[in-house]
Structure formats: structure tokens, C-alpha cells
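All remarks here apply to the structure that follows.
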Amino acid sequence: MKNKFLTLNSVAGPAAFLLCLACVAARAQTFDQLAPTPQMGWNSWNKFQGQVSEQLIRETADAMATNGMKDAGYQYVNIDDLWQAASRDESGNLLADRARFPSGIKKLADYVHSKGLKLGIYSDAGAKTCGGRPGSLNYEEQDAKAYAVWGVDYLKYDWCNTQGLQAPAAYKKMSDALRATGRPILFSLCEWGNSKPWLWGKGVGQSWRTTGDIYASFDQVQNHPGYKDYGVLPILDMQEGLRKYAGPGHWNDPDMLEVGNGMSVNEDRAHFTMWCMLAAPLITGNDLRHMNPETLKILTDKEVIALNQDKLGIEALKYSATDGVEVWFKPLANDAWAVCFLNRNKDPHKIAFDWNSEKVTDDVSNRETKFDTTAYRLRDLWQKQDLGTTKTPLNAQVPGHDVLAVRLEKM
Ligand code: GLA
């Protein structure tokens, strides 16, 4: 009997070990492939802050599944802060706020999944979240297991109340805990760029916030005691130098979208287009249940979203800036390019862009334009019209706080 056991064990041992190595490798692969292109979805914070409930999440999932957003690629319905009860139970388990989420998170995840969508949730690396609810410090494994059991697909992990913690280690701890559950859970680092997460976030999570919080303003910064909120252009300016750190599976996150939250249509269009040019996660932040047609049109434009979801995953580079008009180039698959003229001025601005006297050299993607020898067809992505070719100069007018977004396809 003893011998038999020994024999079986000595055969099964190496086999099990190899199998285990294979399953670890497969798991690592699954995690690395969670966001081959920037994630797309919705999050409750920008519009609703603490006013989250299962009803809101259900209705948002209903809207996303039927209003064209799911079809355009949006997938995640994410609950931000204040979904939790004020404290853990006596065994340390996280609980959902009973009044707001009476059916619990598992039922909610089932519902969101039944719509062909995925559910995201929020926690914090400190002892408390920014909203003062229980954070995951010292409960990383227990919380990760709970998310997996509930069927959560996405975790946004914040950085409030983390005095004395080192961000790389704190995020790695939760990353490891999520992986250990075996459930593919996209990990979105929300550390506001404090410890340069672009230097260490790859392999830890699929995206990292690069700045403090956005708010629905085009060009302003709002001061609060101890922190600031940033409008679209200030956040855009803070992306300088970061494009080389992003790529398939690991994205710079300039924060969630404010489209539909009070800026003008032109500003919303410029904001959305630039987030697409930046290959940013497209996490909408408005009320999906009640949007005007212009907002929906912006959020679901497939040609503009295609820039964001381009499989090369290369962020746009700022090529020039003159009189408040910036020209951004984004290398796309199949030798195509996107070009975005961003008018930061309030007033309309005329542009005259003679392709033949311009040359883009991109050290990050090793791509360059050769407009003198290679001609491209131009497509105005928002107006849905062809604009001729790069053989002749482009003359156009860009409205104030707006963009002209053009796709260049090789002829
Ligand atoms: C921080 C984050 C926001 C949001 C709030 C919630 O400010 O940066 O995106 O999650 O916390 O309290």
C-alpha cells in the first residue's frame, strides 16, 4: 500500500507540477489580454457621486444594452464609491449598503451579465475609501475573493487614506489577490499619477490614472482645500511625455468622460475625440438613461471610436501648436493615420494644412509620414464626408472649442 502510494505520487508529482505551470501561464495570459484595446464602459461617479443604487445600475445596463452603446463596444457598467455598507460584518466581509443594494452585488452582476454586459466595482488601497467606506487595506484577498464569487469583472482601486503605504506594493498586492481568484477581473489603478504609475503599472493592472479628477469644464481648474479638479484641456496637457508608456493591455487613463454632463456639444465632441486619440479608457460618466441625441451621437460614433480601439494601441502625438490650434497625429493599423485639429480657442479658427510641407516622425512607433511620396485619402470623421487627398492642402474652419478629426487612408 505504501509502495503503491509512493509510485502514484512520484508519477503524479511532476505531471501535476507541469500542469500547474501551464495553468499559471494560461492565467497570466488571460490577465494580460483583459484590455488589448482600451476598456469601454460607464461609471457612476462623475454624474451620481454617492447616489448609487441597484436600480440605477440596472437601468444603466438596460440603457447601454439597447441604445446603441453596447453595439458600439461599451461593455462595463461600473459602480464607484459608496456602494458599501458603513462597516464590514463580524467576519470582516465587505457588505453592500442594504438600503441601496437590497438584492446584493451577486444578483446585480447576474442581471448585468444577462444583458451581455459586465459589472465593475470600486475599492481603495487604504483603510477607508475616499467616501469613508471600508477600504481593502489588509483585506485584499478576502475582498478579491468576494468580488470573484459575486461575478465582478472590473475593479477600480482608489488611493485615499493610504498614508505610509507605497503605491507599487499596495497595487501589486491587490493585483495578486485578483489573479489568485482565477476570475479575469480588469484592474484599474486610480492613484492619480502621484507615484508615476506609468513606470510600474504595466503587469499590475490594465490602466492607471495619470491625474487628479476631471470635472465638466473645458479649460478650467477648480481649487479645493488640498486637491484640484481639472477640465479637459488641463488634463490633456498633463499627458505630455506619457504616450510611450501605454500600449495594448496597459493604458494611461486621463480619467472618465464628462460628455453629456454640461459642456457644450462642441466641447463634448473635442473631449471625446481627444480621449480617442489618446487611446484612453472610454468610461462614460453621464446619465445613460436620459441623454440628448447629440450626446448619444458623440458617444456611439463608430468611426471615431475606431481610432481609440485601433489594434496598434499607440497614443497620438502632438505635432504642432499654433495660435491655440494643435495638430495631433495617431498612427493606426494598416499604415493609416488619424489627424486631429484641436481648436482650444473660443472662436472659430481657419486652418490651411499643406501636407507636402509637413513631416511627422514618431520615435515611439517608428512611423513617419512621407506625404511627398505617399498620398492618402482624407475622411472627415464627424461630418462623414470625404475631404480630398493629401496631394492638395487642406483648408477648413474649426469651430471654437472643437475639433476637425480626419482619417488618412493610403491611396
Ligand atoms: C477619487 C477618484 C474618483 C472617485 C472618487 C470616489 O476622487 O479619483 O474618480 O472614484 O474618489 O470617492
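Counting begins at 1 with the first residue of the sequence. We count ligands from 1, going down the list as the structure has it; atoms in each ligand are counted the same way.
- Here Gln49 has no heavy atoms under 4.0 Å from ligand 1, in either its backbone or its side chain.
- At least one heavy atom of Tyr122 sits under 4.0 Å from some atom of ligand 1.
- The protein heavy-atom contact nearest to atom 5 (C) of ligand 1 is Trp45 CE2, 3.5 Å.
- Checked for salt-bridge contact, Glu303 and Arg379 meet the test: a charged N lies under 4.0 Å from a carboxylate O.
- A salt bridge is defined here as a Lys NZ or Arg NE, NH1 or NH2 lying under 4.0 Å from an Asp or Glu carboxylate O, and Lys384 with Asp301 meets this definition.
- Salt-bridge annotation for Asp81 and Lys156: absent, with no side-chain N of the basic residue lying under 4.0 Å from a carboxylate O of the acidic one.
- Contacts between Cys160 and ligand 1 below 4.0 angstrom, taking non-hydrogen atoms only, are absent altogether.
- Close approach to Cys130 involves these atoms of ligand 1, each under 4.0 Å from a residue heavy atom: 1 (C), 11 (O), 12 (O).
- To the nearest 0.5 Å, atoms OG1 (Thr300) and CE (Met291) are separated by 7.5 Å.
- Under the 3.5 Å distance criterion, the side-chain polar atoms of Trp208 are left unmatched by any main-chain donor or acceptor of Gly193.
- Put simply, the residue from Asp402, Asp323, Asp237 that forms a salt bridge (Lys or Arg N to Asp or Glu O under 4.0 Å) with Arg344 is Asp237.
- When Asp158, Asn46, Thr129, Asp253 are checked for heavy-atom proximity to atom 2 (C) of ligand 1, Asp158 turns out nearest.
- Below 3.5 Å of separation, one finds an N or O of Asp213 facing an N or O of ligand 1.
- For the pair Lys156 and ligand 1, the shortest N or O to N or O distance falls below 3.5 Å.
- Asp176 and Lys172 are joined by a salt bridge, as a carboxylate oxygen and a charged side-chain nitrogen come within less than 4.0 angstrom of each other.
- Scanning the protein heavy atoms around atom 12 (O) of ligand 1, the nearest turns out to be Asp81 OD2, 2.9 Å.
- Ligand 1 places these atoms under 4.0 Å from at least one heavy atom of Cys190: 2 (C), 8 (O).
- Under a 4.0 Å criterion applied to the non-hydrogen atoms of Arg209, ligand 1 contributes the atoms 8 (O), 9 (O).
- Scanning all protein heavy atoms for the shortest distance to atom 10 (O) of ligand 1 gives Asp80 OD1, 2.7 Å.
- At least one heavy atom of Trp192 sits under 4.0 Å from some atom of ligand 1.
- Ion pairing between Lys106 and Asp110 holds under the 4.0 Å rule for side-chain N and carboxylate O.
- Salt-bridge check for Asp143 with Arg88: passed, with a basic side-chain N closer than 4.0 Å to an acidic carboxylate O.
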